[in-house]
Amino acid sequence: MNTSLLQGLNPEQLAAVTWPPQSALVLAGAGSGKTRVLTTRIAWLLQSGQAGVHSIMAVTFTNKAAKEMQTRLAAMIPVNVRSMWLGTFHGLCHRFLRMHHQDAGLPSAFQILDSGDQLALIKRMLKALNIAEEIIAPRSLQGFINAQKESGLRAEALHAPDPHTTKMVECYAEYDKICQREGVVDFAELMLRSYELLQRNEILRRHYQNRFNHILVDEFQDTNKLQYAWLKLMAGDNAAVFAVGDDDQSIYRFRGAHVGNMSALMHEFDIEAPIKLEQNYRSVGNILMAANAVIEHNAERLGKNLRTDAADGDKIRFIAAPTDFEEAQFVIDEAKSLQREGRTFSQMAVLYRSNAQSRVLEQALFRAGVPYKIYGGLRFYERQEIKHALAYLRLAVNPDDDNALLRVINVPARGIGARTIENIQTAAAEQGISLWQAACGMGAKAAKVAAFVRLIEGLGTQAAVSSLQEMMLAVTRDSGLVEYYQTQKGDHQDRLDNLDELVNAAVAFKPEESVFEVLPEGAQANPLFPILAFLSSAALESGENQAGEGEEALQLMTVHAAKGLEFDAVFLTGMEEGLFPSEYSLAERGGLEEERRLMYVAITRARQRLYISMAQQRLLHGQTHFGIVSRFVDEIPEVVLHRLSAKTKPFNSFTDAPKIKTRVAENYDLPQDYAGFRIGQNVRHAKFGTGVIIEAVNKGESARLTINFGQHGVKELDTAYAKLEAV
DNA sequence: TAGCCGATAGTTTTT
DNA sequence: CTATCGGCTA
């Protein structure tokens, strides 16, 4: 056997890679070579003949991670990666559902709803049900539905404790009905459908359980309950689950990640002890020391300490800037001086807790003429012009897609106004048919609608005989979208460029590579297959954030977005109480520990140099906030800190910040105080009468209260503005 | 039907 | 403060 695979691995990594074919949990600290271990294990399993390509499944969370594994694996051994089940949870579930769409109760051309589509559908449904947005906020319903699905729960299985929840559950049921009728599936549904199908269909279950002997999972700490249950079903008694994760980097609890899955895995898969990868190859000693010291303040840990052979390196530089503007200036000055020392901007990152903080930085950078790139804006496939074009394509293959129809029936404007659309909707509701069918039934009464119907019919006919590229061209041209953006006032060259880019993407698209392992019976014969595959991949692989990667620019992003990345130098900005840790997190049980893990992630992004900064005064939501330094900074040992002093006037805590809120230490048992109110309390409002506080969030000195005023509806009020008296 | 204005809300995010 | 959205008016 070729042993070169294993060369250069440290003893811990070697143990993990060559672990016998049993389940294992690998606790891989930041920068400990996690991806290397994962890919090398796959290569080793294949090369040593312990497993065949088709008996291995490898699951990740992001397409980026999946792609990276794919390339690294291909570089290690000659392997047909395509025939392997390597992909994201959602990607694999999608493949599974396409292959077994009939058993899953889905039409062969089912489409995927991204979160925007999902929200649009929910809004439409609430309107149709005559439920005001004040009673049920679309966003909260969306969150509710997704959370239920991610816990594996259907509407029928839910017991509502109160009238409000009862309504939400009813909406959930109705929502699923609509999705089924329209042949669309949201992200959570991809997982839940697959899970349910595996659970009830013994033949399928047996087949997959026999097939997969090795299931490898990346970022296991981020799995939610449903994903874990799905993994268990796939594994059966047969497969070895090799899970790699880091409980200290679990920062996605707010979207359902369940760290408890790690201990559950240990119990349920008879894992005696986790394999720990504690050797860090990324950061210098001082940075690592800071990271270790901070994370040690967390009580709920599996326990792990990073070590390094690297030198101590520079100390961490901390500065308390008087204002957010001066903080930005500091970042610029330092970044420039680092550049003069020979470092490149693209190897420096500016991190912040929330996107809103990027504004000041951006302005300052722009003025200083420093090139920068912001991550986390709109993604390519989420841009309106792209969604418009894809909606036409969707209608071509499935005109019953009401979402798509509503999106483009009057874009570009073709004289079909709100009135007409309402008529179509009424007709559709009365006859229980799709909007498309209703529109077709309008006949000669509405010439403009008829023209639209003809347009879509034309595209549909073309779809059956044209290639994907031809279709894409036809869609952008015949729909009138290109002309629309050319003639619209204002410069829409970027949108036109994006439409061109979309055509390019269609040209470059290789359907057989993206979606299916082996095409299911009949799929190959389906002329629509490339289009279906393209639409699916557009929804599932929302694409890189922006074009122009590799540019020489300073990298700006949230701490969340920085996970998995590393930089020579990192600027960690906005280290103020209330911002980081965020005020919101403090109200939640375990919230502070999650914030601290976020801090840990932030620190460990830096290879050689770390700057931490705060602003004593910052403009937030149009109001001036006076901040005190984050408790996390105090948790960093003084010996690795180098405190820089601001050049300008020192901050006077007495005159400048008369009312810094004294914060109660984290205490879960005391009822939370929200500017003198608490949840469940009865209050009176001059206009809305009496109500009960059902939710509350602290916002600095004030609090945002969600109050149910009965027949006046549910309102969100801020104690800073609303006059409320306790009853 | 389209464009304008005022109200409103405003962590973190991948699929 | 500012982006977004819904409702209202021309």
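Residue numbering restarts at 1 for every chain, and letters A, B, ... go by the order of the sequence lines. The figures that follow rest on heavy atoms only: side chains count, while hydrogens, waters and symmetry mates do not. Owing to the predicted nature of the structure, the values given are computational and were not obtained by experimental measurement.
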Among [options], find the nucleotide with the atom closest to the side chain of [X].
X	options	value
A/Tyr584	B/dT11, C/dT2, B/dT15	B/dT11
A/His90	C/dT2, B/dT15, B/dT11	B/dT15
A/Phe187	B/dT11, B/dT15, C/dT2	B/dT15
A/Ser354	B/dA2, B/dT13, B/dT12	B/dT12
A/Ala413	B/dT15, B/dA2, B/dT11	B/dA2

With sugar-phosphate meaning primed atoms plus P, OP1 and OP2, does [X] contact a base, only sugar-phosphate, or nothing at under 4.0 Å between heavy atoms?
X	result
A/Asp222	nothing
A/Phe89	nothing
A/Leu620	nothing
A/Glu595	base
A/Lys123	sugar-phosphate

Value in whole Å for how far the [atom2] atom of [N] lies from [atom1] of [X]:
X	N	atom1	atom2	value
A/Met557	B/dT13	CE	P	11 Å
A/Gln118	B/dT14	CD	C1'	13 Å
A/Arg193	B/dT15	CZ	C1'	17 Å
A/Tyr484	B/dT1	OH	C1'	13 Å
A/Lys64	B/dT13	NZ	P	14 Å
A/Arg379	B/dT14	CZ	C1'	7 Å
A/Lys67	B/dT14	NZ	P	14 Å
A/Phe61	B/dT13	CZ	P	16 Å

Taking atom types as they are modelled, would you say the side chain of A/Ser582 forms a donor-acceptor pair with the base of B/dT12 within the 3.5 Å cutoff? no
Donor/acceptor link under 3.5 angstrom from A/Arg353 side chain onto base of B/dT11: no
State plainly whether the residues A/Lys149 and A/Asp186 are in salt-bridge range, i.e. N to O under 4.0 Å. yes
May I ask you to evaluate whether [X] reaches the phosphate of [N], defined as a side-chain N or O under 4.0 Å from OP1 or OP2?
X	N	value
A/Asn410	B/dT1	no
A/Thr558	B/dT13	yes
A/Asn355	B/dT13	yes

Pair [X]-[Y], side-chain donor/acceptor within less than 3.5 Å:
X	Y	value
A/Gln221	A/Gln249	no
A/Glu150	A/Gln148	no
A/Gln555	A/Tyr375	yes
A/Arg255	A/Asn146	no
A/Ser354	A/Gln357	yes

Could you check A/Arg414 against A/Ala539 and say which one's nearest nucleotide on DNA chain B is further toward the 5' end? A/Arg414
For nucleotides C/dC5 and B/dT12, find the distance between their P atoms and express it as a whole number of Å. 16 Å
Is A/Phe254 stacked on the base of B/dT12 when the test is centres under 5.5 angstrom and planes under 30 degrees? yes
